[in-house]
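Residue numbers start from 1 in every chain, and the chains themselves are labelled A, B, ... in the order their sequence lines are given, proteins ahead of strands. FYI, side chains are in, hydrogens and waters are out, and symmetry mates aren't considered; it's all heavy atoms of this structure.
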Amino acid sequence: MPLPSRIIGHVDMDAFFASVERMDHPEWRDDPIIVCVYSGRTPDSGVVSSASYTARQLGIKAGMPIAGAQSLCPAGHFVPVHHERYSSLSGDIFSKLVGVGSIVEVASIDEAYVDLSSRVHGSWAEAEGTMRDFQSLIQKEFSLSCSVGLGPSKLVAKIASDFKKPGGFTSVPPEEVPRFLDPLPVKCLMGVGPKTEEELASHSIRTVAELRTTGLDVLVSSFGSAKGQHLFFSSRGMDDSPVIAHREPKQHSRIWTLAQDAGSYDPVSLGVYSNADALWEESAGNGQFFNQVGVVGISSRMGQSSKTKSLSLPCSSPEQFRAELDELFRLLFESADLPLRRIGIRVGSFSSAIKQRRLSDFLG
DNA sequence: CATCAGTAGATCG
DNA sequence: CTTAACTGATCTACTGATGG
């Protein structure tokens with residue numbers, strides 16, 4: 001007997017950062033607001049992190065250079081990100097989701113999934129009512145709008161929440177999944193970005209329907225086994241990944257833009273140390289002892305290179321961490337395309353919970 | 001072939 | 001008139017080596 005179909009909700013805050021800035025600057029009304037990550041290299045170098053809908057109408061999108069956004073919208077309000085502010089609001093908002101369903105997964109600062117199946121006993125009507133109530137609650141209590149999607153899987157729920165924005169509400173019960181997905185562009189699928197979209201287009205695959213009628217063998221031979229299968233099943237709306245309450249990150253990293261391009265390690269080592277200390281706090285400081293250390297560099301011509309080292313024992317002190325980074329950066333500067341414009345550090349391969357407890361007990 | 005180490009590539013906001 | 005502008009964080013696929 002097949003498992004009963006699940007009912008998953010996906011909540012996506014609309015233009016979250018820009019909406020928060022608008023709330024914090026009521027005099028801006030519906031003026032275009034562009035929230036930016038300033039790299040500090042020049043007064044306006046950096047990229048757009050979030051754009052209000054009036055700014056989006058002018059062609060401004062997340063990820064584009066600030067200079068480009070300024071030329072599209074010279075009169076917009078350009079503000080730096082206030083991450084603490086968004087993060088604390090995000091926590092307040094999504095904690096209200098707990099209680100709506102049995103499990104809540106905060107997927108990012110502005111997105112969360114909720115598994116409603118058991119709470120509504122499989123009733124779509126009840127699930128829809130519950131999520132509409134949640135949507136109004138967020139609007140009322142936070143003056144922020146969100147879009148909501150409902151589907152039998154996380155995959156469909158996420159696409160549904162993106163179907164109509166801002167303030168959208170889209171419910172796709174199991175029997176409507178093919179009709180809903182078929183006309184959509186392949187770009188709507190998770191994991192399909194510009195590169196995959198272009199590769200699919202070269203096979204004349206532009207919609208989910210076209211993807212769905214493509215053989216598994218064709219997809220695997222163009223995209224490899226893992227990605228090919230993922231595309232095959234995604235086009236059918238098939239996704240049995242569970243809503244997970246707490247996902248442990250597999251790695252932590254810091255990457256930053258240098259004030260000046262670097263042709264050697266020495267001029268940037270102090271910056272590495274201060275980022276290393278912050279990353280040490282974020283990982284080992286929270287009991288996540290790491291067995292892998294990596295560094296990365298992005299050259300002034302945007303080429304990327306990296307070095308990684310696996311440790312036989314977890315890194316046990318910030319001093320050792322600095323020393324490992326020194327070693328890796330020396331190697332990187334010998335092999336990379338110089339000079340470097342941006343550099344970064346990364347830790348990963350965290351020890352298991354049991355090892356963590358033993359090691360942290362040992363270290364006091 | 002299952003796993004690991006190291007690297008580049010891709011995605012998302 | 002056309003072009004270029006360009007962060008920060010995370011995850012995953014691919015490749016080659018190694019051991020059962």
When the distance from CD1 of Ile298(A) to P of dT7(C) is rounded to whole Å, what number comes out?
9 Å
Can you work out whether Ser225(A) or His252(A) has the more 5'-proximal nearest nucleotide on DNA chain C?
His252(A)
Go through the side-chain N and O atoms of Ser153(A) and Asp240(A) and say whether any donor and acceptor fall under 3.5 Å apart.
no
Length of the CZ-P vector between Phe350(A) and dC11(C), whole Å
9 Å
Rounded to whole Å, please give me the gap between CD1 in Ile34(A) and C1' in dT7(C).
17 Å
Distance check, C1' atoms only: dA10(B) and dT7(C), in whole angstrom units.
15 Å
Tell me: CG of Leu279(A) to P of dA9(C), nearest whole Å?
9 Å
Where do N or O atoms of nucleotides 2-6 of chain C meet protein N or O atoms at under 3.5 Å, pair by pair?
residue: dA5(C); atom: N3; partner: Gly68(A); partner atom: N; Å: 3.2

Upstream residue (5' side of DNA chain C) when Ile255(A) and Ala226(A) are each assigned their closest nucleotide
Ile255(A)
Please work out which of the three classes, parallel, tilted or perpendicular, describes the rings of Trp280(A) and Phe290(A), given edges at 30° and 60°.
perpendicular
Name the orientation class of the two ring planes belonging to Tyr113(A) and His10(A) (parallel below 30°, tilted from 30 to 60°, perpendicular beyond 60°).
tilted
note: Gln304(A), atom CD; dT12(C), atom C1'; distance rounded to Å ~ 14 Å
Select base, sugar-phosphate, or nothing to describe what Tyr86(A) touches, counting heavy atoms under 4.0 Å on all strands.
nothing
Lys250(A) vs dT12(C): side-chain N/O to OP1/OP2 distance below 4.0 Å
yes
Once you measure the plane-to-plane angle for Phe333(A) and Phe329(A), does it fall in the parallel (<30°), tilted (30-60°) or perpendicular (>60°) bin?
tilted
Identify the 5'-most and 3'-most nucleotides of DNA chain B with at least one atom closer than 4.0 Å to a non-hydrogen atom of chain A.
dA5(B) to dG13(B)
In whole Å, what is the span from the CD atom of Glu248(A) to the C1' atom of dC11(C)?
16 Å
Length of the line joining Arg346(A):CZ and dC11(C):C1', which is rounded to integer Å:
11 Å
Cluster question for you: counting only ILVMFWY and a side-chain heavy-atom cut-off of under 4.5 Å, with indirect links fine, are Phe180(A) and Ile8(A) together?
no
Applying a 3.5 Å limit to both distances, which nucleotide forms a Watson-Crick or G-U wobble pair with dT11(B)?
dA9(C)
Watson-Crick or G-U counterpart of dT3(B), or none if no pair lies under 3.5 Å
dA17(C)
Taking 4.0 angstrom as the limit, do Lys154(A) and Glu105(A) come out as a salt bridge?
yes
His82(A)-Phe17(A) aromatic ring centre distance below 6.0 Å
no
Within the structure shown, what part of the strands sits under 4.0 Å from Lys61(A) by heavy-atom distance: base, sugar-phosphate, or nothing?
nothing
Under 4.0 Å, counting only non-hydrogen atoms across every strand here, what does Glu198(A) touch: a base, just sugar-phosphate, or nothing?
nothing
Closest contact, heavy atoms only, Leu216(A) versus Gly228(A):
CD1-O, 4.2 Å
One thing to verify: whether Arg119(A) and Glu126(A) come together as a salt bridge, which I'm taking to mean a side-chain N less than 4.0 angstrom from a carboxylate O.
no
Can you tell me how far P of dT7(C) sits from CD1 of Ile60(A), to the nearest Å?
17 Å
So with a 6.0 Å cut-off around CG of Asp277(A), is the heavy-atom count from everything else above 12?
yes
